[in-house]
Number of protein chains: 4
Amino acid sequence: MPKQKEQFEEMRQQTIARLKKSGLELFARKGLAATNIKEIAAHTGISLGLMYHYYSSKEELYLLLANEAMDKSQALFDQLQSQDISVKEKITQFLAAFMYGVQKEAGIYYFILISQLFETGNKTEDRKLRTRKLQSIHNLATIVSEGQQTGECVTGDPFELAVTFIAATQGLAGFKLMFKGKFQMPDAAVLTRILLQA
Amino acid sequence: MPKQKEQFEEMRQQTIARLKKSGLELFARKGLAATNIKEIAAHTGISLGLMYHYYSSKEELYLLLANEAMDKSQALFDQLQSQDISVKEKITQFLAAFMYGVQKEAGIYYFILISQLFETGNKTEDRKLRTRKLQSIHNLATIVSEGQQTGECVTGDPFELAVTFIAATQGLAGFKLMFKGKFQMPDAAVLTRILLQA
Amino acid sequence: MPKQKEQFEEMRQQTIARLKKSGLELFARKGLAATNIKEIAAHTGISLGLMYHYYSSKEELYLLLANEAMDKSQALFDQLQSQDISVKEKITQFLAAFMYGVQKEAGIYYFILISQLFETGNKTEDRKLRTRKLQSIHNLATIVSEGQQTGECVTGDPFELAVTFIAATQGLAGFKLMFKGKFQMPDAAVLTRILLQA
Amino acid sequence: MPKQKEQFEEMRQQTIARLKKSGLELFARKGLAATNIKEIAAHTGISLGLMYHYYSSKEELYLLLANEAMDKSQALFDQLQSQDISVKEKITQFLAAFMYGVQKEAGIYYFILISQLFETGNKTEDRKLRTRKLQSIHNLATIVSEGQQTGECVTGDPFELAVTFIAATQGLAGFKLMFKGKFQMPDAAVLTRILLQA
DNA sequence: CATGAATGAGGCTTCATTCAT
DNA sequence: TATGAATGAAGCCTCATTCAT
């Protein structure tokens, strides 16, 4: 393949990466409706026209990013389940991933995107996202269920426990985004207590 | 004979009440930017113009409602603190109020309004709201602090414990709004465990 | 006639007078389009509804006032011409009336209304006003013409002289309105020199 | 290949020029409030939206034009003062510039813009414009003052003389705009007599 | 006579999207 | 690939006018 094509492809990928980063941050900070496309292009440092070469609408970019966030969440659970480790260890790893992600810029934005799903007008996609969101709770509930059998987790409805845990992480991500450096994340133990026996 | 002042005042109050109800619901469901004023007016059953007799902008109505939500939150804490009851009892009552509120339409909307503060463009008011939001966590942290002295609460930084608890309630309110009847709120015990000794 | 009716009629006249005064000031200060009817009513201290009892539109009030201003101008010329005095005396009296009027609130507003005719959308009336405005210059030109025959006035086209004089008075009224107390009206002699021999 | 920057700049400048021309004429003819933005756009032959690419509000365009008018006025005085000519010559040149400007479309509109300053709601800018307006009278007063020392100008307060002269020119510009071809401008001598000795 | 709530048309402004280059 | 001028629909807001009381 000629060298030029490769170079173009690289530029392409780089532009897309920057575009997604801008969109992610802006959608997370301001929501879908309050973010306008000119702002995304300006933040990315490209022209409006170029942005439309890559994504044919604001909603398309949003849906891509929201689904990517869900993919990452799903991948994390898959990875946890594929490991031959204790439930306690799984929850600890999950929390470590959360705590690490919240520190990183992009990480927190993905969390926020999952926690606040905006309607795009594309009902099929919107429903799919909500379903994926529920799914991630069921993923955690499965782990909690296992943990109850081994005695590692507290008793109670696994789904209720999982949803409370997820709700707490999402709420905390929101606080972190709003108050930034002024907000100190709680110790992991505070969160693990929701699921794990003392 | 002129229409009596009382009559006018009654009409005003009635319209304002309906307007606030519509605004509350729509802002909570869709956010500030995605809610349009035509929608609020139509939902209220009044003309667009009349809405501007009462509020001079969409943002003004939003700020009013968000501050009202904060008032209610503050009033709840004030009421809890004014009672001569145990910390456990206070937390239980707080949670009961939350659980009850989430069932009621208006109640859940107020919770959502607090949990997701949108920027209105009025920087002074936006900052005030964020400050009030932090304040409500400090209110709970004070109670937790007391509870640690009496041995009713778990150990750990009171603010971290309080924020995790509030984060969980806000996250749950979000789930409830998104999934409605399909979503079963967790048992109160799941939440109280975050703060109270077993 | 019953006493009551008289009383009502008096109130009516009083309200109308206040309404006209408010309209006059606001139209002069801000122009027709920038003045809104709510403002006129508020400035008058009456309700919107009552204002519509007296005038069925903003334009109607404006046209009434503009024509009144023209009436006053015409009356002044008629009065000057009915007197058996010298042309110099006529011009001096005209200027005295102008200087006196500019000091008084209502007076200056009438001058301004004449100098800036706004379009009301009623083409017939608009044209009539413009014609009356031209007429007042012809009135002065007639006096100047007389003065040239008696040698009191400077030579030159009477209409050109008259229009320059009127233009100066109108411009000065505008300055006075804009700068109020900070603006000192020029000495009458400066203006009379435009028309009269030294 | 991207469209060349030069090309874009040329398009911009052309559109801006047409926009300013339309705005100037309409503001001068009808005032700020009575001129609507749709009209400006239509008169320019562009869409409503495009106007907002260049000016973020009607008021911004108005302020730009009014300040440009003031610039031109100031430039004229600067140029007169920089020349080593008699006061009589300066006043004659000023008047020639006025007479010439009034014949040209754009010229008369600039005069009108200066003579009737409308409030834009931007108090700082409004005040600045009024100050500049006063300044132009002081500029002329300075020349009159000089002329009194050389015996070229009539006696009297220089500011009063200047303001009367300016008032007359502004009033005449208003007549010219209102009556157009039907209105014959007076001979320059009529105006110079206000300031210069016979 | 008097009120001001209520309406809706029309004006101002924003913004997603298209397109010629 | 890349640009930003240009559009138009849709949103926000104002305001003259009507009307029940």
Side-chain angles (χ1 to χ4, degrees), chain A residues 4 7-9 11-12 15 33-42 46-60, chain B residues 1-5 7-12 14-16 33-41 45-59, chain C residues 4 7-9 11-12 15 33-42 46-60, chain D residues 1-5 7-12 14-16 33-41 45-59:
Chain A
Q4 274 227 327
Q7 283 179 328
F8 277 136
E9 185 55 25
M11 283 169 67
R12 218 186 130 79
T15 303
T35 301
N36 67 46
I37 245 173
K38 221 172 167 173
E39 212 177 344
I40 300 175
I46 62 175
S47 70
L48 260 179
L50 189 52
M51 148 125 208
Y52 276 91
H53 264 288
Y54 294 111
Y55 302 101
S56 58
S57 74
K58 182 166 78 162
E59 281 72 21
E60 186 180 320
Chain B
M1 202 199 313
K3 184 173 277 192
Q4 300 305 319
K5 275 211 173 163
Q7 277 178 289
F8 278 133
E9 191 53 27
E10 201 184 309
M11 287 165 77
R12 278 182 79 85
Q14 230 228 17
T15 305
I16 285 178
T35 300
N36 68 42
I37 244 170
K38 215 170 163 180
E39 218 175 339
I40 301 176
I46 62 176
S47 71
L48 247 175
L50 188 52
M51 146 131 204
Y52 284 91
H53 263 300
Y54 297 108
Y55 302 102
S56 57
S57 70
K58 185 166 76 160
E59 281 72 22
Chain C
Q4 274 227 326
Q7 282 179 330
F8 275 136
E9 185 55 25
M11 284 168 67
R12 217 185 132 80
T15 303
T35 301
N36 68 46
I37 244 173
K38 222 173 165 173
E39 212 177 344
I40 300 176
I46 63 174
S47 69
L48 260 178
L50 189 52
M51 146 123 209
Y52 275 91
H53 263 288
Y54 294 111
Y55 302 102
S56 58
S57 75
K58 182 165 79 163
E59 281 73 21
E60 185 181 321
Chain D
M1 202 199 316
K3 183 173 278 194
Q4 300 306 319
K5 275 211 173 162
Q7 277 178 288
F8 278 134
E9 191 54 26
E10 201 185 308
M11 287 166 76
R12 278 182 78 85
Q14 229 228 18
T15 305
I16 285 178
T35 301
N36 70 40
I37 244 169
K38 215 170 163 180
E39 218 175 339
I40 300 177
I46 62 175
S47 70
L48 248 174
L50 187 52
M51 147 132 204
Y52 283 92
H53 263 300
Y54 298 106
Y55 302 102
S56 57
S57 69
K58 184 167 75 163
E59 280 73 21

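Computed from a predicted model, the values in this text were never measured in an experiment. Side chains are part of it too, since the values below use all heavy atoms of this structure and drop only hydrogens, waters and symmetry mates.
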Atom-pair distance ([atom1] on [X]; [atom2] on [N]), nearest Å:
{"X": "Glu10(B)", "N": "dA20(F)", "atom1": "CD", "atom2": "C1'", "value": "15 Å"}
{"X": "His53(B)", "N": "dG8(E)", "atom1": "NE2", "atom2": "P", "value": "13 Å"}
{"X": "Leu48(A)", "N": "dT17(E)", "atom1": "CG", "atom2": "P", "value": "11 Å"}
{"X": "Tyr55(C)", "N": "dA16(F)", "atom1": "OH", "atom2": "P", "value": "17 Å"}
{"X": "Glu59(A)", "N": "dC15(E)", "atom1": "CD", "atom2": "P", "value": "14 Å"}
{"X": "Met51(C)", "N": "dC15(F)", "atom1": "CE", "atom2": "C1'", "value": "13 Å"}
{"X": "Ile46(C)", "N": "dG4(E)", "atom1": "CD1", "atom2": "P", "value": "11 Å"}
{"X": "Phe8(B)", "N": "dC19(F)", "atom1": "CZ", "atom2": "P", "value": "15 Å"}

Taking only side-chain N and O atoms of [X], does any of them lie within less than 4.0 angstrom of OP1 or OP2 on [N]?
{"X": "Lys38(A)", "N": "dC15(E)", "value": "no"}
{"X": "Arg12(B)", "N": "dG4(E)", "value": "no"}
{"X": "Tyr54(B)", "N": "dA6(E)", "value": "yes"}
{"X": "Thr15(D)", "N": "dA6(F)", "value": "yes"}
{"X": "Tyr52(A)", "N": "dT17(E)", "value": "yes"}

Practice task
Could you walk me through whether Arg12(C) and Thr15(C) pass side-chain contact (heavy atoms from CB on, under 4.5 Å), step by step?
Solution key: CA-CA 5 Å; Arg12(C) 217 185 132 80; Thr15(C) 303; over 6 Å; no
Handout entry: Any-strand Watson-Crick or G-U partner of dT21(F), both distances under 3.5 Å
Key =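 Pairing partner: dA2(E).
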Handout entry: Any-strand Watson-Crick or G-U partner of dG11(E), both distances under 3.5 Å
Key =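 Here dG11(E) is engaged in a pair, and the nucleotide opposite it is dC12(F).
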Handout entry: Over 12 foreign heavy atoms within 6.0 Å of CD, Glu60(A)
Key =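 Correct, the count exceeds 12.
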Practice task
Check the surroundings of atom CD in Glu39(B): do more than 12 heavy atoms from other residues, nucleotides or ligands lie under 6.0 Å from it?
Solution key: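 Yes, enclosed.
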Handout entry: 5' precedence on DNA chain F between Ile37(C) and Gly49(D) (nearest-nucleotide basis)
Key =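 Result of the comparison: Gly49(D).
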Handout entry: Nearest listed nucleotide, side chain of Lys58(A), among dA16(E), dA2(F), dC12(E)
Key =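 That would be dA16(E).
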Practice task
Identify the two heavy atoms, one from Lys58(D) and one from Ile37(D), that lie closest to each other, and give their separation to 0.1 Å.
Solution key: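 Looking at all heavy atoms of both residues, the closest pair is CB-CD1, 3.7 Å.
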Handout entry: Ile46(D) to Met51(D) - nearest heavy-atom pair and separation
Key =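 Heavy atoms of Ile46(D) and Met51(D) come nearest at CD1-N, 3.9 Å.
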Exercise for the section: Would you mind telling me which residue lines up with the more 5' stretch of DNA chain E, Ser57(A) or Thr35(D), judged by nearest nucleotide? Expected result: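 That would be Thr35(D).
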Problem - Along DNA chain E (nearest heavy atom to each residue), the more 5'-positioned of Asn36(D) and Leu50(B) - result: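 Its nearest nucleotide being more 5', the pick is Leu50(B).
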